[in-house]
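Written below as structure tokens is the structure these notes are about.
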Number of protein chains: 2
Amino acid sequence: MDLPGQVNCETCRIRSCAVEVLDQQELDILKTNCAGAVYARNERIFQQGSLTSNIAYVKTGLVKIHKNGPSKDQILKLVKPPRFIGIPTVLGDKINNYSATALLPTTVCFIVTSTFKTLIMRNGRFANEVINSICQDELTFYDRSINQMQKQIHGRLADALLFLADEIFEADSFDLPLSQSDLGDYIHATRESVTRTLGRLKADGLIQVKGKNIKLIEKDMLRKISKLG
Amino acid sequence: MDLPGQVNCETCRIRSCAVEVLDQQELDILKTNCAGAVYARNERIFQQGSLTSNIAYVKTGLVKIHKNGPSKDQILKLVKPPRFIGIPTVLGDKINNYSATALLPTTVCFIVTSTFKTLIMRNGRFANEVINSICQDELTFYDRSINQMQKQIHGRLADALLFLADEIFEADSFDLPLSQSDLGDYIHATRESVTRTLGRLKADGLIQVKGKNIKLIEKDMLRKISKLG
DNA sequence: ACAAATTTGTGATATAGATCATAGTTCTGC
DNA sequence: GCAGAACTATGATCTATATCACAAATTTGT
């Protein structure tokens, strides 16, 4: 973890919708209670179970949110910047309920929780934007959750590939930022099943695989697979 | 749906933490933009896909939140009052993303969305309480989601029974408020598997079943099953 | 540049739980 | 109080995907 340390929220070009509505005085409060950090691929940003007094704002890169389950670690979601993560720690206990790990080189700003709370209390529009953002996450997670439960592995993998292409990379060809084992934790499948299913999609000509690089060839067909489960 | 209509938030004895922090003027705003309703068992409170301009506050009873998936309806969560439901509709589209149905006779207050937003904007403590509540839900749902994915059916059913006993009814003997088919939608299993698994728990003497009534006999054993999946 | 570690590929086998089929039971409205 | 609907019970079979076991390929540290 590299520390650029002091940041300037006034001139920051990757500000969240929420921060956009702050006034000069509030920006000053934020600026003096905010520190930047840079993470390399596979570096842990925060760890489930550890104490924290910060909320993280992912500015660039890609982050996985993951959590220990009864039998293994599971990737709850992939977070594309810009996005706050760890807001639930505004709650009483201040213990991280899940872990966050960089999947690509990632820049993060940490905001002191009490400052975040102060801004919510002071500025209703800020609070409103924060609520919107959390609610958006909630709905997305409900959808993902139902898809994970009801689709079988082909559909889940197609979902993941389409998500990476459309939402994360905005390109039909990209380098997989996760190992196949991670991908398994994300779509709830074993590593072997991921390998096999990827192989199947490749054999059927729906995707091209060259090392880490994946190219979606037949997106319509992938969408159909995603729909039918 | 029966309509007691006009309610009085000032004297309401089932107020949320959030409403507790409102001042007199704000309570007046709330009161004039709030209507009560009573629902019978299995009555729909709101329907996925329908337009809405209200947020619901469940005062008494029990509610299931459910949503259409690719292959079937799924119960996302059971909501024990007092609790807001449908806050995500504060977002732009104003279309319900999921359905809510009463499982027991249930009383609900509807708050006009714009009023809710006004209160968030005006009163930082209100906003803060709302955020706390949403975050709490989020964390609970993450846990449930991981448990659903990683445990097998005995563990999931044990979870559900312990949840009903400990969280909902606060008693080891209770009448199941869901059919076995619903219970299947809740723990992601078929109705047949629920029947069989309940039968197994009964045969093993961990629970007693008399019609709709369930009595947990060996809670420690159930907890062990829940843990081991 | 090389050894060690991690990641990927693939077959053989096992299994939890779905699906299908058929009945018995308990509600519910008229 | 009866008929039709909804719910519960249980057996037989099927299947998607996990597990296990190994091998090959790729990445990483020194």
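Reminder, nothing fancy here: chain letters follow the sequence lines and each chain counts from 1. Just so it is clear, the model here is predicted, and its values are computed rather than measured.
- Within the helix from dA1(C)-dT30(D) to dC30(C)-dG1(D), the inter-axis angle between the opening and closing five-pair segments is 70°, rounded to 10°.
- First and last contacting nucleotides of DNA chain D toward chain B (any atom under 4.0 angstrom from a heavy atom, 5' to 3' order): dT8(D) to dA12(D).
- Regarding Asn213(B), its CG atom lies at a distance of 13 Å from the P atom of dC27(C), rounded to whole Å.
- Of the residues in residues 63-76 of chain A, not one comes within less than 4.0 Å of DNA chain D through any heavy atom.
- Distance alone, capped at 3.5 Å, is enough to place a donor-acceptor pair between the Arg156(A) side chain and the Lys151(A) backbone.
- As judged by a 4.0 angstrom heavy-atom cut-off over every strand, Lys212(A) is placed among residues touching the sugar-phosphate backbone only.
- Regarding contacts with the backbone of dA18(C), a side-chain N or O of Ser193(B) is found under 4.0 angstrom from either OP1 or OP2.
- For Arg83(B) and Asp137(B), the salt-bridge test passes: some basic side-chain N is under 4.0 Å from an acidic carboxylate O.
- The nearest whole Å value for the distance from the CZ atom in Arg196(B) to the P atom in dC20(C) is 13 Å.
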**OP:** I would like to know whether Phe163(B) and Leu78(B) meet side-chain contact (heavy atoms from CB on, under 4.5 Å); could you show each step before the answer?
**Re:** CA-CA 10 Å; Phe163(B) 172 75; Leu78(B) 301 180; 4.0 Å; yes
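- Rounded to whole angstrom, the span from the CZ atom of Arg156(B) across to the P atom of dG17(C) amounts to 6 Å.
- Protein atom CG of Leu198(B) is 16 Å distant from nucleotide atom C1' of dT25(C), rounded to whole Å.
- Comparing Glu192(B) and Lys202(A) against DNA chain C, the residue whose closest nucleotide sits nearer the 5' end is Lys202(A).
- Counting heavy atoms of neighbouring residues, nucleotides and ligands inside a 6.0 Å radius, atom NZ of Lys212(A) exceeds 12 of them.
- Within a 6.0 Å radius of CZ in Arg200(A), other residues, nucleotides and ligands contribute 12 heavy atoms or fewer.
- At a threshold of 4.0 Å, the pair Lys219(B)-Asp166(B) counts as salt-bridged, since one of the basic side-chain nitrogens sits closer than that to a carboxylate oxygen.
- dT15(C) atom C1' lies 13 Å from atom NE2 of His154(B), rounded to whole Å.
- Looking at heavy-atom distances under 4.0 Å, Ser179(B) makes contact with sugar-phosphate atoms alone, never a base.
- Tyr142(B) and Lys77(A) are linked by a side-chain donor-acceptor pair at a separation below 3.5 angstrom, with hydrogens and angles left out of the test.
- Taking atom CD1 of residue Ile187(B) and atom P of nucleotide dG17(C), one finds them 10 Å apart after rounding to whole Å.
- A side-chain contact (heavy atoms from CB on, under 4.5 Å) with Thr106(A) holds for exactly one of Thr60(A), Val79(A), Val38(A), Val58(A); it is Val58(A).
- Residue Val209(B) is the one, among Val209(B) and Arg191(A), whose nearest nucleotide of DNA chain D lies closer to the 5' end (criterion: closest heavy atom).
- Within a 6.0 Å sphere centred on NZ of Lys227(B), heavy atoms belonging to other residues, nucleotides or ligands number 12 at most.
- Looking at Arg223(B) and Asp220(B), a side-chain N of the basic residue comes within less than 4.0 Å of a carboxylate O on the acidic one, giving a salt bridge.
- A donor-acceptor pair under 3.5 Å is formed between the side chain of Lys67(B) and the backbone N or O of Asn97(B).
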